[in-house]
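As structure tokens, the structure follows; a few thoughts come after it.
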Amino acid sequence: MVKYSSKLKAEVVGEYLQGGTSMQSLSEKHNLPKRQVSFWIQKYRLSEKN
């Protein structure tokens with residue numbers, strides 16, 4: 001299992017939330033699986049609801 005830093009997660013989610021950047025392009029830019037980027041964004045959105 002690969003561990004990603006909190007800094008990387010925050011950077012990727014922040015870029016997505018600023019708009020104009022797709023999950024696909026973020027995954028390519030940061031060399032991450034698209035599924036991982038999607039998971040982080042979903043997790044962030046769920047935490048914001050609570």
Side-chain angles (χ1 to χ4, degrees):
M1 179 158 118
V2 177
K3 296 259 183 176
Y4 298 102
S5 71
S6 297
K7 182 180 177 180
L8 175 62
K9 294 175 189 179
E11 182 180 337
V12 171
V13 172
E15 284 181 49
Y16 180 79
L17 294 175
Q18 287 178 359
T21 309
S22 69
M23 287 186 216
Q24 181 66 40
S25 63
L26 284 170
S27 69
E28 291 170 2
K29 176 181 176 183
H30 295 280
N31 196 27
L32 297 165
K34 183 180 175 197
R35 184 177 205 159
Q36 188 68 60
V37 173
S38 175
F39 175 76
W40 292 341
I41 292 166
Q42 181 181 25
K43 190 173 178 183
Y44 174 80
R45 287 183 173 158
L46 288 172
S47 73
E48 285 295 300
K49 289 183 180 180
N50 291 330

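Everything quoted here is computed from the prediction, not taken from an experiment.
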Quiz item: Do W40 and L8 pass the side chain to side chain contact (heavy atoms under 4.5 Å, CB included) test, and can you show the C-alpha distance, the side-chain angles, and the key distance before you say yes or no?
Solution: CA-CA 10 Å; W40 292 341; L8 175 62; 4.2 Å; yes

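Considering only residues two or more places apart in sequence or on other chains, Q42 meets the side chain to side chain contact (heavy atoms under 4.5 Å, CB included) condition with L46.
For residues 22-32, the pairs satisfying side chain to side chain donor-acceptor pair (under 3.5 Å) are E15-K29, E15-H30, S22-S25, Q24-E28, with sequence neighbours left out.
Interatomic distance, L26 CG to Q36 CD, rounded to the nearest 0.5 Å: 13.0 Å. Here the NZ-CZ distance, from K49 to R45, works out to 9.0 Å after rounding to the nearest 0.5 Å.
Contact annotation: the side chain of Y4 approaches that of L32 to within less than 4.5 Å [non-hydrogen atoms, C-beta and beyond]. Between V37 and Y16, the closest side-chain pair of non-hydrogen atoms is not below 4.5 Å.
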